[in-house]
Structures are given as C-alpha cells and as structure tokens.
*Asks:* 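Just passing along the structure, written as structure tokens.
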Amino acid sequence: MTTPSPDPAATLAAMTLEQKAGQVLCAGFDGTELTPPLRDALTDLHLGGLVYFERNVASRPALARLSRDIQAHARQQGQPALLLAIDQEGGRVTRLRAAKGFTEFPSPLEVAAAGGPAAVRQIAIAMAAELREVGININLAPVLDTCGSNAANPVINTRSFGSDPALAAACGAALIEGLQGAGIMAVGKHFPGHGDTTVDSHVALPVVAHARDRLEAVEFIPFRAAIAAGVTGVMSAHVHFPAIEPHLPATLSRRVMTTLLRQEMGFTGLAFTDSLEMGALASSGYPAPLAAAHALAAGADVLLFNTDYDVLHAAHATILRWVADRRIEPARLNEAVLRILSAKARFGL
C-alpha cells in the first residue's frame with residue numbers, strides 16, 4: 001500500500017507543466033520487471049499510470065513485486081503514486097491467467113446469462129481481491145456495450161453482458177459496485193457504445209449510424225447506470241457516431257467527451273481514451289501523438305498508449321506544444337490532472 005497523497009489541489013499547484021503533461025499519460029510496456037527503459041520513462045515523462053498486459057505477468061509474486069517497485073520508484077522521485085491498470089474482464093479478455101497463479105473467470109456474457117447481477121457482483125469481489133494483492137488499482141471494466149451478442153461484431157461479442165440494455169445496465173452497475181467496494185477503480189467502456197459495430201476499432205474506424213433516439217434507448221442506458229453507480233472512469237470508443245458528431249471519432253470529439261458525457265450525462269469522474277495507437281485513429285489521419293492532444297482538448301483526462309516509448313515522448317511534446325499555443329487551454333490540462341490526483345487520493349494512493 002502506498003502512502004496516501006497530500007491534498008490534490010496542493011499537489012497540482014506544485015507541479016511543473018512537464019509533470020502535468022506526464023500525469024495524463026498511461027502506458028503499456030514490455031517486460032516483467034522495472035527495467036532501465038521503464039525507469040527512465042517514468043522519471044523523464046512523469047507518467048501518471050501504467051497498463052499491465054499478459055506479457056508483464058511472470059507470476060503472482062512477481063507481479064506484486066513489480067507493482068511495489070514501480071510505486072517505490074515514484075515515491076523516490078517525489079511523484080504521485082501511479083495508476084496501475086489492467087483489462088481483466090473475464091472470458092476472452094483475461095490478462096491474469098491460471099498458469100500464472102490467478103483465477104480465470106467466465107465471460108461477462110456467460111455470467112450475466114447464468115446468474116445476472118448477483119453473480120457479476122460476486123465475481124467482481126473475487127477479482128478485486130486478486131488485483132489488490134498484486135498492486136493493481138484499476139480494472140478497465142466493465143464493458144457496457146450492448147448488442148454484444150451480435151455475431152457480426154468482431155471485437156465486443158461475449159465481452160458484453162448481452163444485447164438487453166436493462167440487463168447490461170444492471171450487471172455493469174453490479175460489477176462497478178463489487179470492484180469499487182473492494183478498493184479497485186472501475187472503468188466502463190466503450191463510450192458511447194461499441195456493441196453494434198461490424199468493424200474492429202483496433203484495425204479501422206467503425207460507424208454507429210443510429211439516430212439519437214435509438215442511442216438513448218439502447219447504447220446510452222448502461223453508461224447512465226454506471227454513472228449513477230459512481231463509476232470512477234468511463235473509456236471512450238474509437239467509433240464514429242454521426243448523430244452526435246459529424247466528423248470525428250468519439251475519442252477526439254468535444255461533442256462526445258464534454259457535451260454528451262459531462263454536460264448531458266453529468267459524469268464527473270475520469271474520462272479515459274481507449275489505446276491511442278489503435279488503427280481506427282491512425283487510419284483516420286490521427287497518429288497517436290496527435291490523437292493524444294486532440295483527445296485531451298476534447299475532454300479526455302487519461303490518455304492510454306501501448307508500448308512505444310518514442311510515441312510517448314512525442315505525445316508528451318505535442319501536449320506541451322499545444323498548451324504553449326493555447327490549442328489546449330492550461331485550465332483544461334489542470335482540470336484533467338486534478339481529476340487524476342483526486343481519484344488517486346480517494347482510493348488511497
């Protein structure tokens with residue numbers, strides 16, 4: 001357990017612009033130990049968080065040691081504790097495997113169909129215990145996309161709680177309450193809804209062409225329930241929603257990330273991007289460093305990346321340049337960092 005941070009506003013006031021620009025970055029990395037390149041990235045870029053993948057997990061004790069080493073390094077550098085995140089949804093998206101000493105849980109679709117919200121809550125509590133033991137403080141779950149049973153959907157399908165918006169809402173809220181009640185931040189995804197797509201956003205940009213009334217009746221319902229349940233984070237979808245935003249993917253759209261999510265739905269927590277290195281953005285003319293600046297300007301707080309340190313350095317530099325040029329207002333960056341620091345403090349980091 002890390003030492004609780006001081007007052008978030010006081011921490012923010014003492015930070016340099018370079019530290020603030022790093023605090024919004026959350027990145028994946030290679031290896032199962034705190035390597036010199038990772039140590040350098042944490043120090044030089046002032047990263048606010050890291051994302052674990054299966055490649056980072058040697059064993060249960062090794063992952064716990066890695067988390068301790070990362071947080072100790074942050075303390076030694078006088079930096080805030082890090083967000084340590086993972087996608088541990090159950091089913092096909094499972095980073096912590098039985099072969100490495102962890103419990104493998106069934107898919108959200110299976111759990112929802114077999115036991116509904118009560119079963120989801122019990123699994124969330126069991127998941128949280130294992131995550132907490134190895135120093136992870138965020139689960140990038142639940143998937144709140146509906147129509148996930150659509151066989152044509154190549155990326156969501158069994159990751160969702162199904163095609164019934166009411167069941168998805170109830171199960172999503174149950175998972176959030178189970179995780180957060182046990183001290184793990186939950187992040188609902190992929191806003192405003194990636195369920196009814198036939199294109200994988202890892203590869204290209206999907207389009208959800210439904211009218212606004214259909215979105216309200218189906219896609220938005222689980223997200224509204226998650227917000228009502230106090231979810232810590234909401235992750236954007238790299239999906240185009242013409243009924244809301246005529247030109248941009250949701251992640252890069254102020255109409256989606258601020259007007260819809262913040263103003264209309266009343267969300268006050270952390271807005272995450274999906275990985276900015278995915279094909280949906282690059283194929284739309286937004287390589288990751290440029291996408292990072294656009295997403296931050298649009299209202300995102302936590303910018304997710306995969307493994308490339310050169311991309312991270314370029315993203316950090318681009319954010320600094322955009323702030324200097326007032327393409328990102330300093331108040332927008334401060335708002336994002338304060339939300340991050342506040343979430344860390346609330347969960348004892």
Side-chain angles (χ1 to χ4, degrees), residues 89 108-109 112 117 140-176 186-202 204-231 233-274 278 280-281 284 286 294-295 298-301:
E89 299 169 7
L109 190 66
L140 299 172
V143 172
L144 298 172
D145 305 313
T146 51
C147 299
S149 57
N150 175 1
N153 188 310
V155 65
I156 304 299
N157 49 67
T158 60
R159 297 171 63 193
S160 89
F161 294 112
S163 56
D164 177 0
L167 180 61
C171 289
L175 191 115
I176 291 160
V187 177
K189 58 191 185 185
H190 306 81
F191 183 80
H194 198 332
D196 202 9
T197 59
T198 56
V199 172
D200 183 349
S201 55
H202 292 85
L205 182 66
V207 177
V208 173
H210 297 304
R212 177 65 186 252
D213 59 351
R214 147 66 196 238
L215 297 175
E216 290 282 0
V218 178
E219 276 77 9
F220 294 175
I221 285 177
F223 289 99
R224 289 189 186 277
I227 292 168
V231 69
V234 169
M235 180 187 291
S236 65
H238 302 329
V239 175
H240 183 209
F241 293 81
I244 307 169
E245 162 59 64
H247 305 297
L248 296 167
T251 298
L252 310 183
S253 168
R254 184 170 177 81
R255 289 184 177 94
V256 174
M257 300 301 291
T258 297
T259 304
L260 177 61
L261 181 60
R262 300 288 187 196
Q263 297 171 7
E264 295 183 29
M265 293 193 177
F267 180 60
T268 59
L270 292 176
F272 286 68
T273 70
D274 207 340
M278 288 165 59
L281 299 182
S284 302
Y286 296 94
H294 274 282
D301 305 311

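Note that the structure is predicted; figures quoted are calculated from it, not measured.
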*Asks:* How long is the gap from CD on E245 to CG on L260, to the nearest 0.5 Å?
*Replies:*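 One gets 11.5 Å once the value is rounded to the nearest 0.5 Å.
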
*Asks:* Taking it one step at a time, do K189 and D274 satisfy side chain to side chain contact (heavy atoms under 4.5 Å, CB included)?
*Replies:* CA-CA 9 Å; K189 58 191 185 185; D274 207 340; over 6 Å; no

*Asks:* Under a 3.5 Å distance rule, please check whether H247 uses its side chain to pair with a backbone N or O of P242 as donor and acceptor.
*Replies:*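 No.
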
*Asks:* To the nearest 0.5 Å, what is the distance between CG (L248) and NE2 (H294)?
*Replies:*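 It comes to 7.5 Å.
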
*Asks:* Measure across P165 and I221 and return the closest heavy-atom pair with its distance rounded to 0.1 Å.
*Replies:*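 Shortest heavy-atom separation between P165 and I221 comes out as O-CG2, 3.8 Å.
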
*Asks:* More than 12 heavy atoms of other residues, nucleotides or ligands under 6.0 Å from CZ of R262: yes or no?
*Replies:*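 Buried by this count: over 12 neighbours within 6.0 Å.
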
*Asks:* Looking only at non-hydrogen atoms, find the nearest pair between L215 and A243 and report the distance.
*Replies:*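 Heavy-atom minimum between the residues: CD1-CB, 4.3 Å.
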
*Asks:* Do V239 and H190 have side chains that approach each other closer than 4.5 Å (heavy atoms only, starting at C-beta)?
*Replies:*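 Side chain of V239 against side chain of H190, heavy atoms only: no contact under 4.5 Å found.
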
*Asks:* List the atom of P192, the atom of F241, and the distance in Å for their closest heavy-atom pair.
*Replies:*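 In terms of heavy atoms, the two residues are closest at CD-CE1, 3.3 Å.
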
*Asks:* Can you find a pair of side-chain heavy atoms, one from V231 and one from L144, that are under 4.5 Å apart?
*Replies:*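 V231 does not reach L144 side chain to side chain.
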
*Asks:* Between the main-chain N or O of T146 and the side-chain N or O of S160, is there a donor-acceptor pair closer than 3.5 Å?
*Replies:*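 Judged by distance alone, no pair lies under 3.5 Å.
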
*Asks:* Do you know which two heavy atoms are closest between D301 and G269, and how far apart they sit?
*Replies:*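 Taking every non-hydrogen atom into account, OD2-O, 3.6 Å.
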
*Asks:* Flag the pair V187 / L270 as yes when at least one side-chain heavy-atom distance between them is below 4.5 Å, and no otherwise.
*Replies:*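 No. Closest side-chain heavy atoms not under 4.5 Å.
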
*Asks:* How long is the gap from CG on L140 to CD on E89, to the nearest 0.5 Å?
*Replies:*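 It comes to 8.5 Å.
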
*Asks:* What are the two closest heavy atoms between M257 and S236, and how far apart are they?
*Replies:*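 Nearest heavy atoms, M257 then S236: SD-CB, 3.7 Å.
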
*Asks:* Salt bridge check: are R224 and E264 linked by an N-O gap of less than 4.0 Å?
*Replies:*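 No, no charged N to carboxylate O under 4.0 Å.
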
*Asks:* Can you find a pair of side-chain heavy atoms, one from F223 and one from D145, that are under 4.5 Å apart?
*Replies:*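 Touching, per the 4.5 Å side-chain cut-off.
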
*Asks:* Using 0.5 Å steps for rounding, measure from the OG1 atom of T259 to the CD1 atom of I244.
*Replies:*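 That separation rounds to 10.5 Å.
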
*Asks:* Ignoring hydrogens and angles, tell me if any N or O in the side chain of S284 forms a donor-acceptor pair with the backbone of Y286 under 3.5 Å.
*Replies:*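 No; zero donor-acceptor contacts below 3.5 Å.
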
*Asks:* Nearest heavy-atom pair of I176 and A229: which atoms, and what distance?
*Replies:*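 Scanning both residues completely, I find the closest heavy atoms to be CG2-O, 4.1 Å.
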
*Asks:* Measure up the F191 and F220 rings against each other and bin them: parallel (under 30°), tilted (30 to 60°), perpendicular (over 60°).
*Replies:*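 Ring orientation of F191 relative to F220: parallel.
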
